[in-house]
Amino acid sequence: MQFAESWLRSFVDPQLSTEALSHALTMAGLEVEALAPVAPPTSKIVVGKVLEVVKHPNADKLNVCQVDVGMGQTLTIVCGAPNVAPGIKVPTALVGATLPPAEAGGAPFKIKLSKLRGVESQGMLCSARELKLSDDHSGLLVLPDDTLIGRDIRDVLQLDDMIFDIKLTPNKADCLSVFGIARETAAITGAPLNAPSYHPVPVTCDARLPVRIEAPQLCGRFSGRVIRNVDARASTPAWMVQRLERVGQRSISALVDISNYVMLELGRPSHIFDLDKINGGLHVRWGKRGETLKLLNGNTIELDETVGVIADDQGRVESLAGIMGGDSTAVTLDTRHIYLEAAFWWPDSIRGRARQYNFSTDAAHRFERGVDYATTVEHIEYLTHLITTICGGDAGPVDDHIVNLPQRKPVSMRVSRANRIIGVPIDANEIASIFTRLNLSFERAADGDTFIVTPPTYRFDIDIEEDLIEEVARIHGFEKIPARPPMATSEMRVTNETRRSIHALRRALAARDYAETVNFSFVDVEWERDFAGNERPVALLNPIASQLSVMRSTLFGSLVGVLQHNLNRRAERVRVFEAGRVFRADPAVKEGELTVEGFAQPKMIGALAYGPVVDEQWGVSARHVDFFDVKGDVQALFAPTVPRFTRASHPALHPGRSARIEIDGRIVGWIGELHPRWMRKYDLPHAPVLFEVEADAVAGRALPGVTEISKFPPVRRDIALVVPQHVEVQSIIDEFAQARGDNDALRFMQKMVLFDEFRPKFDAKQTGSGAVSGGLSADEKSLAFRVTLQDTGGTLQDETVELAVKTLVERLARVFGARLRG
């Protein structure tokens, strides 16, 4: 919210300097982000009246002017401005005057007595750009005719004024106007508040426009009146133009300027229709799918039943309710008759609609936060006063349609609770004074400890007890609340050694050479279809961007997006991870302190590896990262827990190079190469390897157990088993673990590790199932295992070792049809 200090002080003028006022507003929650002067410093620039203009004898584009600068002094000034003419009053820089530098950081410009093409010039006539009031340098800055000659231009144009730029919190809709800020300033400082004063305009015509409200949930109140015979070409008063410019609004036309001015001054968005362009009456209703509207900004939008509109009797949409008017009924300089509208639009019916069409307006910004619903008629009267004063016209009676207004329920606040939350004792009488200054009507309960407050119609931010406590704290003064560090007994907390924190897991992945990335939980709906096979993701009602319209149910899409971003910047090796939540519809989830009913939000850890295993070097041959490299990272992350990898298919992963990750029979994640289909779609030269696991599953770990270290040497035996191609190595290792517990002969076996695999190769001439290569048929493979045996009680004898190996081979032969390779 930007405004000029002089505008604010026209309503409330506390005896505080600009800096002190800025500090007081900031400490009350209205943070002043910036203070800037209206214009840079200048000196010796006065109001001059051009008396005579003649052509320069030696230059076609220059004029020699006689300028009256007051005190009986007339100066000769050479000027090249195209709009210089006798009788106008303009800023005149005298000899010795100082003007702002032409460029930022430059030196101030000094006016000296000089000659231009042989004619002496005793000063300079100034444009707005030369005074750094605007970028307009098309001609001189012409002042009003009633400006006194000889006055300092800084006094005439209030160039010592300051511009306040306030950063408002979203709940402070009541401060989205200069008068709203003034109301707060009066409450903060105790200075008297002066409301705008005007006399209601007499009704001089009986013209009315029929209005029908068909959607009470959209529009609660609709006030309007017809004004005939206005002069749309009338000039906006200089004082209004000045105030508008100092809040960043450029002057457009008198009617538009008046509407903008009242919105900025009182926080009341309004709309002015060209009455002659309306067919019949107005209908306030919800839009219909398929309808279109060309807006004032030139955009044509498609409507649906979620947005409110104002239409005419023929069904043509004339305005996007509470957001922007339509082009078809916009006022122009030729407009003669107008319809003036001020309404109360329910915030929920406006919120997010402008962003739905990728733009925002000042009106929508206010209506979606809440605008006073009790003052529509008063503001219509104020608008009428300004319009008829500036543009003339005959005002008709005000039509006020009230169909559905908010019911402001009283809010109770306990003094004892306020003191406990704020942390300092505040007397009940002081609280009563604060509520009075804030215009909050209240009653005192019989217990003497409770205030029952009825919020005013312009305060949409007061709903619960804590809202009132906040008001008490900020008006009492945050600076008066002492900073008291909390005091507590220092106590050693018990560490849960069976759980690792998410930070420990992050460090573990960083130690494996992965860089952490943070992404939005909102993703493109295509990512959900491609990487999760999710045709019905959790959709956002109000997405911040069209490509971020659903909640992710996997981290794979975000990781591939990060990979694309890096590849576009010529990265060759990418290893990234993310720890974040995913979101899935789950009817079993109930409402809780940290849960939302119907939605599961598990925390996941996902990672992606792409490019060379290590950066290019002399000691290691270059190769791309593969499934087993990343599998090792997953095993290291889970350690000491040993996860099981089971071949399975996932929508995002290569069907033959992917696996699900299991712990104690429960699926906790996935690992694999990216599917070739998505490599082509997302233009990836090589296949990245990804994994995603549940953070809770990785965080759990078993406590280490004590085992006796054997004093005797281990015995290792290598066995090569021939098994059918379909037999998985994991199933053999599982059977080995089962056999150790079942058979006493295998009790000394410590571990069984695969160290080699051989599959036969056949050329095109070898056909048929009976083909043999290297002693193996086409449907067989050879797996070489190293088995380690060790006893803590003595050295193992050869007979014991041979019996254990024989027993193991026989068991594997019985279960899998395995045989020793010859």
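We're numbering straight along the sequence, starting at 1. Predicted model only: the values in this text are computed from it and were never measured.
Partners of Phe460 according to the ring pair (Phe, Tyr, Trp, His ring centres under 6.0 Å) rule, which considers only residues two or more places apart in sequence or in another chain, do not exist here. For Asp312, the side-chain hydrogen bond (donor to acceptor under 3.5 Å, both in side chains) partners at least two apart in sequence or on another chain are Asn279. With sequence neighbours excluded, the residues that form a side-chain contact (heavy atoms from CB on, under 4.5 Å) with Ser134 are Ala128, Asp136.
No more than 12 heavy-atom neighbours from other residues, nucleotides or ligands sit within 6.0 angstrom of CD on Glu302.
Taking 4.5 Å as the limit, some side-chain heavy atom of Ile431 sits within range of a side-chain heavy atom of Val415. The closest side-chain heavy-atom distance from Glu443 to Phe451 is not below 4.5 Å.
Salt bridge Glu291/Arg285: present, at least one basic N to carboxylate O contact under 4.0 Å.
A cation-pi contact, defined as under 6.0 Å to the ring centre and within 45° of the axis, links Arg183 to Tyr458.
A donor and an acceptor atom, one from each side chain of Asp348 and Gln217, are nowhere located under 3.5 Å apart. With hydrogens and angles left out, the side-chain atoms of Asp257 and Ser251 include a donor and acceptor closer than 3.5 Å. A donor and an acceptor atom, one from each side chain of Tyr339 and Arg225, are nowhere located under 3.5 Å apart.
In plain terms, the two heavy atoms of Leu555 and Gly580 that are nearest each other are CD2-O, 4.2 Å.
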